[in-house]
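Quick notes on the structure that follows.
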Amino acid sequence: MSIIAALQAVVTADRFDREPTAAELDAIETEMPVILARVELLDAQIVTLDRTPTEVDERRIRRARRRVLAARRELTNQAVAAVTGGAA
């Protein structure tokens, strides 16, 4: 049996092999309401892929779309307030 091993040690880590920075984690945390709202919308849409949507399904999709828009609006307002110092 032959041994398979790396011939050289990696000198520098690949940029895809590193942990997220604190700034990246903060950005994810800030965008989490939008991410969760989009996941909810996607779940509602997936339910209707293999059948005709019922009235309840349509209402669920509409509510999920409104939540996505509200979360995006809130995120945009926070970004504008941060840039302008709250004087928007």
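Source: prediction; values computed, not measured. We count residues from 1, following the sequence as given.
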* Structure fact -> Of all heavy-atom pairs linking Ile35 and Ile28, the shortest is CD1-O, 4.3 Å
* Structure fact -> Hits for salt bridge (Lys or Arg N to Asp or Glu O under 4.0 Å) against Glu24, two or more places apart or cross-chain, chain-then-number order -> Arg18
* To do: Hey, could you give me each pair passing salt bridge (Lys or Arg N to Asp or Glu O under 4.0 Å) that has a residue in residues 35-58? Not counting sequence neighbours.
  => Glu40-Arg67, Arg51-Asp57, Glu55-Arg59
* Looking only at heavy atoms, what is the nearest atom pair of Leu41 and Ala64, with distance? -> CA-CB, 3.6 Å
* Are Ile61 and Val68 connected in a single hydrophobic cluster, I mean Ile/Leu/Val/Met/Phe/Trp/Tyr linked by side-chain heavy atoms less than 4.5 Å apart? -> yes
* Asked: What side-chain hydrogen bond (donor to acceptor under 3.5 Å, both in side chains) pairs are there with at least one residue in residues 69-81, not counting sequence neighbours?
  -> none
